[in-house]
There are 2 protein chains.
Amino acid sequence: MRIEDLLEIRHLHLFRDMAQANFEVLMISSYAQAFPQGLELIRQGDPADFLHIVLEGSVELFAQWSGRECTMAVVRPVSTFILAANIRDAPYLMSARTLERTRIVLVPASDLRAMFRRDTEFAVAVINELASSYRSVVRNAKSLKLRNSRERIASYLLRQSQLAGGVASYVLPVEKRLLASYLGMTAENLSRTLRTLEADGVKIDGARVIITHRARLVALAKPDRLIDGPDAVAEQNGSGLPVARG
Amino acid sequence: MRIEDLLEIRHLHLFRDMAQANFEVLMISSYAQAFPQGLELIRQGDPADFLHIVLEGSVELFAQWSGRECTMAVVRPVSTFILAANIRDAPYLMSARTLERTRIVLVPASDLRAMFRRDTEFAVAVINELASSYRSVVRNAKSLKLRNSRERIASYLLRQSQLAGGVASYVLPVEKRLLASYLGMTAENLSRTLRTLEADGVKIDGARVIITHRARLVALAKPDRLIDGPDAVAEQNGSGLPVARG
DNA sequence: GGCCGTTATTGATCTTGATCAAGTTACTCT
DNA sequence: AGAGTAACTTGATCAAGATCAATAACGGCC
């Protein structure tokens with residue numbers, strides 16, 4: 001593995017505080033690998049052998065049931081995914097596929113499980129990471145159960161604006177098809193609703209979002225810090241869609 | 001606190017493996033308290049000062065937004081809830097109210113956070129608890145996004161039957177109103193759908209469920225271990241509704 | 001037992017969102 | 001550049017589920 005990769009991984013909350021020697025032990029049995037676009041990295045139900053760290057590219061986490069499929073999250077560099085399955089030594093609950101050419105580091109799950117018994121700082125980091133992930137999914141479930149699709153779209157658009165620094169205009173970080181699935185609706189419905197949202201203070205031009213009347217959009221979205229954050233770690237791990245850039 | 005309460009708490013996965021001395025440290029600053037029915041124990045957004053352990057009774061976890069409300073889980077003895085908020089030292093994402101007279105032990109969150117730095121076995125237990133809770137919520141989100149309400153009801157009924165030991169007849173462990181909210185639908189819709197499910201192998205008589213043609217119900221529910229479990233810890237913590245008794 | 005408030009059911013209607021079916025635009029690949 | 005594919009949009013229709021309204025059943029409580 002490259003030196004610069006090791007440094008990036010070392011900067012993750014998960015690995016930041018552990019002893020250098022222990023970090024090296026973990027990394028010695030890990031390896032980086034590049035995957036082409038559209039490759040299924042993980043199939044739900046498979047045993048969780050490796051913690052995955054995305055170095056470059058992006059990965060979609062999705063779930064399947066009875067011939068249906070939905071997007072659960074998109075993971076961007078540099079962050080880890082499916083930590084919980086590794087820890088429980090249980091089958092993956094989600095599948096994963098690359099959205100583009102992606103470079104990933106694979107850390108053997110057995111080494112992880114051994115390590116947090118030996119390194120307290122690492123154990124604490126794992127605890128914090130899991131607690132954050134848990135809270136992210138709870139937020140997500142709240143949004144799904146308490147909001148209708150119009151409100152989910154509005155709050156998503158608003159949150160992306162905040163994450164990009166409060167800008168009024170930005171580009172959607174993912175395809176609309178995928179966004180629709182993430183928000184729990186069909187692509188057609190997203191498209192239609194985006195159009196009707198022009199009356200509520202946001203204009204869509206292709207992948208570009210322009211907030212024309214923030215107050216009106218806020219009145220519709222009713223953003224709530226207990227659903228929409230801010231939550232420092234939520235956007236870094238695999239529990240949300242990636243951040244938009246202005 | 002009573003000796004028998006301490007013993008029950010000690011048997012929880014979370015506290016089972018830690019050193020006795022450390023357990024006592026945690027318990028010395030904790031206290032048990034009884035609450036009447038219908039009391040709001042926690043309001044979402046409040047700072048997470050205490051880990052809650054239910055000794056007797058039952059507690060509903062619910063979420064509110066914009067005047068709407070939905071049930072997220074029901075916690076039964078003996079188990080803990082809102083561990084993640086305590087760990088993150090962050091506001092509660094969910095509210096909690098007693099469904100009946102309930103006895104609860106409150107453990108100061110600051111003591112918890114100090115303790116998993118000192119006791120590795122406790123840290124490992126916290127890691128396992130959080131990983132399980134995370135997976136439970138993911139299962140829940142999958143069910144909400146991939147299944148329609150008819151399928152959610154069918155799989156819920158089937159799962160309860162399994163949890164009660166594979167019995168063909170059992171009593172619903174919660175009010176239908178609450179079940180409807182947990183499953184993400186209105187009470188009217190649950191009522192109506194339950195009726196139409198008679199054609200699919202399950203009969204409802206008040207709170208009693210009688211599975212008349214299991215194969216037919218299975219064909220509709222398409223139970224999936226990656227959504228419906230089994231998952232040893234899921235039912236013990238605050239991530240699911242309680243288990244039915246036959 | 002009978003009263004009262006809550007929960008459950010049932011029916012009628014309405015809204016939201018899904019589905020089906022074209023079209024159009026955008027992107028990729030050679 | 002142009003063909004081919006995939007993504008997006010738009011319209012028409014349909015189905016699922018919500019809402020509103022009224023009644024029925026249940027569960028505590030004196």
Side-chain angles (χ1 to χ4, degrees), chain A residues 36-38 60 65-71 74 97-101 143-154 156-157 171-200 202-209 220, chain B residues 36-38 60 65-71 74 97-101 143-154 156-157 171-200 202-209 220:
Chain A
Q37 194 235 63
E60 177 191 6
W65 178 80
S66 182
R68 293 170 218 166
E69 179 180 315
C70 72
T71 301
V74 171
R97 70 165 74 92
T98 54
L99 289 174
E100 56 196 303
R101 186 183 174 281
S143 191
L144 279 173
K145 291 183 85 168
L146 290 168
R147 287 171 168 159
N148 63 27
S149 48
R150 191 178 181 76
E151 292 161 342
R152 290 201 297 280
I153 294 171
Y156 173 83
L157 294 177
V171 174
L172 288 174
V174 289
E175 284 179 353
K176 287 185 188 153
R177 190 179 55 89
L178 196 150
L179 177 59
S181 178
Y182 173 69
L183 293 175
M185 65 194 73
T186 60
E188 294 97 321
N189 203 35
L190 172 62
S191 184
R192 252 187 283 272
T193 307
L194 281 176
R195 178 130 316 243
T196 71
L197 279 179
E198 288 189 9
D200 288 277
V202 61
K203 201 174 164 319
I204 308 294
D205 179 23
R208 178 157 290 274
V209 178
L220 171 63
Chain B
Q37 195 236 61
E60 177 191 5
W65 178 80
S66 182
R68 294 169 217 167
E69 178 180 316
C70 74
T71 302
V74 172
R97 70 165 73 93
T98 55
L99 290 174
E100 56 197 302
R101 186 184 173 281
S143 191
L144 279 172
K145 290 183 86 168
L146 290 167
R147 287 170 169 158
N148 62 28
S149 49
R150 191 179 181 76
E151 292 161 342
R152 290 202 298 281
I153 295 171
Y156 173 82
L157 294 177
V171 173
L172 289 174
V174 289
E175 284 178 353
K176 287 185 187 150
R177 190 179 54 89
L178 197 150
L179 177 59
S181 178
Y182 174 70
L183 292 175
M185 65 192 76
T186 60
E188 294 97 321
N189 203 35
L190 172 63
S191 186
R192 254 186 281 273
T193 307
L194 281 176
R195 179 131 314 247
T196 71
L197 279 178
E198 288 188 9
D200 288 278
V202 60
K203 202 175 163 317
I204 308 295
D205 180 23
R208 177 156 291 273
V209 177
L220 171 62

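Chain letters run A, B, ... following the sequence lines, proteins first, then strands; residues in each count from 1. Just so you know, these numbers use all the heavy atoms, side chains as well, and skip hydrogens, waters and symmetry mates.
Defined by atom type and a distance below 3.5 Å, a donor-acceptor pair is present between the side-chain atoms of A:Thr196 and A:Arg150.
Here B:Asn148 does not reach the OP1 or OP2 of D:dA16: none of its side-chain N or O atoms lies under 4.0 Å away.
In this entry the distance linking CD of B:Glu188 with P of D:dA22 reads 14 Å, nearest Å. A straight line from CZ of B:Arg195 to C1' of D:dA16 spans 19 Å, rounded to a whole angstrom. One atom, CD of A:Gln37, and another, P of C:dC29, lie 8 Å apart when rounded to the nearest Å. With rounding to whole Å, B:Lys176 atom NZ is found 18 Å from D:dA24 atom P. Protein atom CG of A:Leu144 is 14 Å distant from nucleotide atom C1' of C:dG17, rounded to whole Å. Taking atom CZ of A:Arg147 as the reference point, atom C1' of C:dT16 lies 18 Å away to the nearest angstrom. Taking atom CG of A:Leu99 as the reference point, atom C1' of D:dA7 lies 14 Å away to the nearest angstrom. Taking atom CZ of residue B:Arg177 and atom P of nucleotide D:dA18, one finds them 16 Å apart after rounding to whole Å.
At least one donor-acceptor pair under 3.5 Å links the side chain of A:Arg152 to the backbone N or O of A:Arg147.
Here B:Thr186 lies in heavy-atom contact (under 4.0 Å) with a base. Note on A:Arg192: a base of the nucleic acid sits closer than 4.0 angstrom, heavy atoms only.
Note: B:Leu179 CG to B:Leu157 CG = 7.5 Å, rounded to the nearest 0.5 Å.
Heavy-atom nearest nucleotides on DNA chain C were determined for A:Gly184 and for B:Glu175, and the one closer to the 5' end corresponds to B:Glu175.
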Test salt bridge (Lys or Arg N to Asp or Glu O under 4.0 Å) applied to B:Glu60 and B:Arg177, step by step
CA-CA 13 Å; B:Glu60 177 191 5; B:Arg177 190 179 54 89; 6.0 Å; no

